[in-house]
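Sequence lines set the chain letters: A, B, ... in the order given, protein chains first and strands last, and positions in each chain run from 1. Worth saying up front: this structure is predicted, and the values here are computed from it rather than measured.
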There are 2 protein chains.
Amino acid sequence: MNKVKCLPAVKKARRTEFSADDFAVICKALGHPARVRLLKILIDKGACISGDLAEEFSLAQSTVSEHLRILKEASLIQGTIDGPKRCYCVNPDTLDYLKELVGRL
Amino acid sequence: MNKVKCLPAVKKARRTEFSADDFAVICKALGHPARVRLLKILIDKGACISGDLAEEFSLAQSTVSEHLRILKEASLIQGTIDGPKRCYCVNPDTLDYLKELVGRL
DNA sequence: TACGTTTATCGTCGATTGACGAAATAAAAT
DNA sequence: ATTTTATTTCGTCAATCGACGATAAACGTA
């Protein structure tokens, strides 16, 4: 069972056949309630400063940062530097890809 | 972050608001490529005997059985006894629920 | 330059996962 | 009733996860 750690070419992968590996990578990243909530907040609010996100959870700042890193590694979100802060937002391509993969189940 | 290990009431949970916990439980179960492939085979073939499933993977039979157990715990599949064999099939309710949750992202 | 603010990374620890072979279980066939 | 077949469960082990506090890094500002 070969490992796939990230989704380097989300756009390319679309419109081809179902990829169990891609789907597993995305699902694994979403296999924790905190990460699902983080993603949902970003979807609903459009974008959020990392600090604001951390306040919504009863988790240490470093833990939230780690969850964000995992979501970013799966290409589900992307972060842009905004001064000393980080502004995170959803990666719509991966979200679309997820919906496409689920639709093909 | 409270833990949710299974989906005891998939049908009831539908048609209500988005549940990050339910979504995380399903995604966690699908966070391994072998389990995604197992589910896909069951979807495409309708139903499969456990032994036939193990042959498609370069994994020990007990490992495949364990993956099937995890899928079953997440209500994604269900198994019925067919003599000494087990016949697994998809649980369409959970699959629909997954599609619904993804649609609400 | 030095300081404060914000976020990422590091090191640690206990818990969980994934894999396997061996043993146990359940039903069918002899 | 014993054996065979099919599958689950158990025990083990290394690897990964999730959480935390402490530290480091990046940036704006005094």
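Both tests hold for B:Lys40 against A:Phe18: distance to the six-membered ring centre under 6.0 Å, angle to the ring axis within 45°.
Rounding to the nearest 0.5 Å places CG of B:Asn91 at 6.0 Å from OG of B:Ser75. Atoms OG and CD, from A:Ser19 and A:Glu100 in turn, are 11.5 Å apart once rounded to the nearest 0.5 Å.
The CG atom of A:Leu38 sits 15 Å away from the C1' atom of C:dA8 (whole-angstrom rounding). In this structure, A:Glu66 places its CD atom 17 Å from C1' of C:dT6, rounding to the nearest Å. Between the CG atom of A:Leu68 and the P atom of D:dA19 there is a distance of 13 Å, rounded to whole Å. A:Gln61 has its CD atom 14 Å from the P atom of C:dT5, to the nearest Å. In this structure, CD1 of A:Ile70 is placed 12 Å from P of C:dT9, rounded to the nearest angstrom. As a whole-Å value, the separation of B:Gln78 CD from D:dT8 P is 15 Å. As rounded to whole Å, 9 Å separates atom P of C:dT7 from atom CD of A:Glu55. Rounded to an integer number of Å, the gap from CD of A:Glu73 to P of D:dC17 is 9 Å.
Residue B:His67 has no polar side-chain atom (N or O) positioned under 4.0 Å from OP1 or OP2 of C:dT17. Taking only side-chain nitrogens and oxygens, A:Arg86 never comes nearer than 4.0 Å to OP1 or OP2 of D:dA26. In this structure, B:Lys28 does not reach the C:dT16 phosphate: none of its side-chain N or O atoms is under 4.0 Å from OP1 or OP2.
With distances taken from any side-chain atom of B:Thr63 to the nucleotides D:dA19, C:dA19, C:dA8, the minimum falls on C:dA19. Distance from the side chain of A:His32 is smallest for D:dA19 among the nucleotides D:dT8, D:dA19, C:dG18.
Mapping B:Arg69 and A:Ala60 onto DNA chain D by nearest heavy atom places B:Arg69 closer to the 5' end of the strand. Mapping B:Ser62 and A:Val64 onto DNA chain C by nearest heavy atom places A:Val64 closer to the 5' end of the strand.
No side-chain donor-acceptor contact under 3.5 Å links B:Arg35 to the backbone of B:His67.
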Inset, instruction - Before giving the answer on side-chain contact (heavy atoms from CB on, under 4.5 Å), spell out for B:Phe23 and B:Leu105 the whole-Å C-alpha distance, their side-chain angles and the decisive distance to 0.1 Å. - result: CA-CA 10 Å; B:Phe23 189 53; B:Leu105 281 178; 4.0 Å; yes
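The residue A:Ile49 sits close only to the backbone: its heavy atoms come under 4.0 Å of sugar-phosphate atoms, none of a base.
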